[in-house]
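Both counts, for ligands and for their atoms, begin at 1 and track the order of listing.
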Amino acid sequence: MITKPKGTYDIYGDTAKYYNYINDTFKTVCEYYNYEYIRTPIFEESELFHRTVGQTSDIVSKETYDFKDRGNRCLTLRPEGTAGVVRSFIENKMYGDVNQPKKFYYSGTMYRYERPQAGRYRELSQIGVEVLGCASPLIDAEVISLAYRLLEEMGIDNITVKINTLGNNFSRENYRSALVHYLEPHIHELCEDCKKRFTTNPLRILDCKVDKDSDIIKNIPSILDYLDQESKTRFDQVLEYLTYLDVDYEVDSNLVRGLDYYNHTVFELVADVDQLGNASTLCGGGRYNGLVANLGGQDTPGIGFACGIDRLIMVLQELNKDKDITSSLDVYVMAISEEEKLTAIRLVQDLRWCEIKTEMDTLNRGLKAQFKQADRLKARLLVLLNSKDLQKGLITVKDNLTKEETKVDEDEILDYIISNL
Ligand code: HAM
């Protein structure tokens, strides 16, 4: 038997219901906030991710799926969505649109060669937003509150918004030097990855999962003490707007995030769910003001976030574990003879086009088995077609709750069903 590749899973049954629910809710919320849908390719030139996500990030250094196509081009399955959206913004000259800022939302699969575990997959699904062309702290607050309200809308309310700022380039460099100075005498005590990070990207040592409880990390200097006035004022404004928007947050000065492109605001939405363990971050994002210029576009500020759909599904399954989420059917149409089936297929089609969720038997079941199937599908109304009635132009409708049966004129059947649902 051929089985699925390691780190992937099939989405069907109840999981598929949650998957669709999350995407539908996300689309609705994004449209309220006036974001437009964007879809970019699942694979891009490898160079795109090396220049955006960063050579020193774990994602690019260890986790990308790289391949050469038949034309010998170096391509990479996207590990995340931001780089593709920014590439598209530049390539399609969207900076020239009169309608600014550009506010996008997307949903899709991403690929990371990670060690599979609960909430961590090699094929993962994300929903995300990106706003390009607005440096105002108002947009930072909008983006964070969109993520927060989205989770709330889905009934997930045990959420902490962790927020930090990496400041502008000046503040970040200032902090980097202080960090190197502080860490240098201790570097031999840190894990192997951190030893490498010390030379490539010392800020990443702050979110090391191995050393996080060591005294060295606990006493690490806080970036908030190295901000210049501009970065500090900006961060204070973001926090003030969040307070106004009733978003509960917690400033976490050790939050740096695993991708290299961030500056100023960075944030994560973390769920209090046991099953997720180390993977309890549902959502992560931040500002990336240098990214568009870095990819050859005009200097344009940007900010966004992405939420892991796979993790959201796990949280929703846990929250709703005592609830029956199977949705019910509106109408089940029952037919046995060929003549009854002909009437049935037409009626089923008409009902479906009236936005009524309808099903009929296609497995040649007998009458008793059709009644059972209608019950399994939790049909609200049963339409019982029989040749004798049909000759008189009549159709029997049975209310599956009250068990009451009514004979309805064939010409009035649609109206009758619509008014009795
Ligand atoms: P990220 O933190 O790498 O950020 O991923 C965002 C979310 O995707 C995580 O919080 C998590 O829920 C989910 N996720 C990440 N890796 C996995 C995995 N292996 N399995 C399951 N879920 C996973 C980004 O991707 C940035 N592009 C976010 C962003 C948008 N920043 C600015 N704009």
Output yes when the distance from some N or O of ligand 1 to some N or O of [X] is under 3.5 Å, and no in every other case.
| X | answer |
| --- | --- |
| L282 | yes |
| I303 | no |
| T82 | yes |

Looking only at protein heavy atoms, identify the closest one to [atom] and say how far it is in Å.
| atom | value |
| --- | --- |
| atom 27 (N) of ligand 1 | E80 OE1, 2.5 Å |
| atom 9 (C) of ligand 1 | T281 O, 4.0 Å |
| atom 14 (N) of ligand 1 | L124 CD1, 3.8 Å |
| atom 19 (N) of ligand 1 | E114 OE2, 2.6 Å |
| atom 22 (N) of ligand 1 | R311 NE, 3.5 Å |
| atom 32 (C) of ligand 1 | G304 O, 3.2 Å |
| atom 26 (C) of ligand 1 | Y261 OH, 3.4 Å |
| atom 28 (C) of ligand 1 | G284 O, 3.3 Å |

Completion exercise
Honestly, for R112 the part within reach of ligand 1 (heavy atoms, under 4.0 Å) is side chain

Exercise for the section: Check Q126 against ligand 1 and report side chain, backbone, both or neither, counting heavy atoms closer than 4.0 Å. Expected result: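 The part of Q126 near ligand 1 is the side chain, not the backbone.
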
Is the closest side-chain heavy-atom distance between [X] and [Y] below 4.5 Å?
| X | Y | result |
| --- | --- | --- |
| N99 | K102 | yes |
| L363 | D361 | yes |
| L77 | F67 | yes |
| T52 | N294 | no |
| I223 | L206 | no |

Practice task
Could you tell me whether R39 sits above the aromatic face of Y106, with NZ or CZ closer than 6.0 angstrom to the six-membered ring centre and within 45 degrees of the axis?
Solution key: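 Verdict for Y106: no cation-pi partner in R39.
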
Near [X], which atoms of ligand 1 are under 4.0 Å from a heavy atom of that residue?
| X | result |
| --- | --- |
| G285 | 31 (N) |
| C283 | 10 (O) |
| G308 | 7 (C), 8 (O), 12 (O), 13 (C) |
| L259 | 3 (O), 4 (O) |

Checking side-chain polar atoms at under 3.5 Å, does [X] have a donor or acceptor matched by the opposite partner on [Y]?
| X | Y | answer |
| --- | --- | --- |
| E63 | Y113 | no |
| Y65 | E123 | no |
| N164 | S253 | no |

Practice task
Measure the acute angle between the ring planes of Y226 and Y175, then classify it against the limits of 30° and 60° as parallel, tilted or perpendicular.
Solution key: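 Y226 vs Y175 ring planes: tilted.
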
Practice task
Mind telling me whether Y121 and Y9 have parallel, tilted or perpendicular rings, with 30° and 60° as the class edges?
Solution key: tilted

Practice task
Determine, considering heavy atoms only, which of M110, R257, E130 sits nearest to atom 4 (O) of ligand 1.
Solution key: R257

Practice task
Would you indicate which of Y262, Y121, Y106, Y288 comes nearest to atom 20 (N) of ligand 1 when only heavy atoms are counted?
Solution key: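 Considering heavy atoms of Y262, Y121, Y106, Y288, the nearest to atom 20 (N) of ligand 1 sits in Y121.
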
Practice task
Quickly, which of L291, L259, V129 forms a side chain to side chain contact (heavy atoms under 4.5 Å, CB included) with T82? Name it, please.
Solution key: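 That would be L291.
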
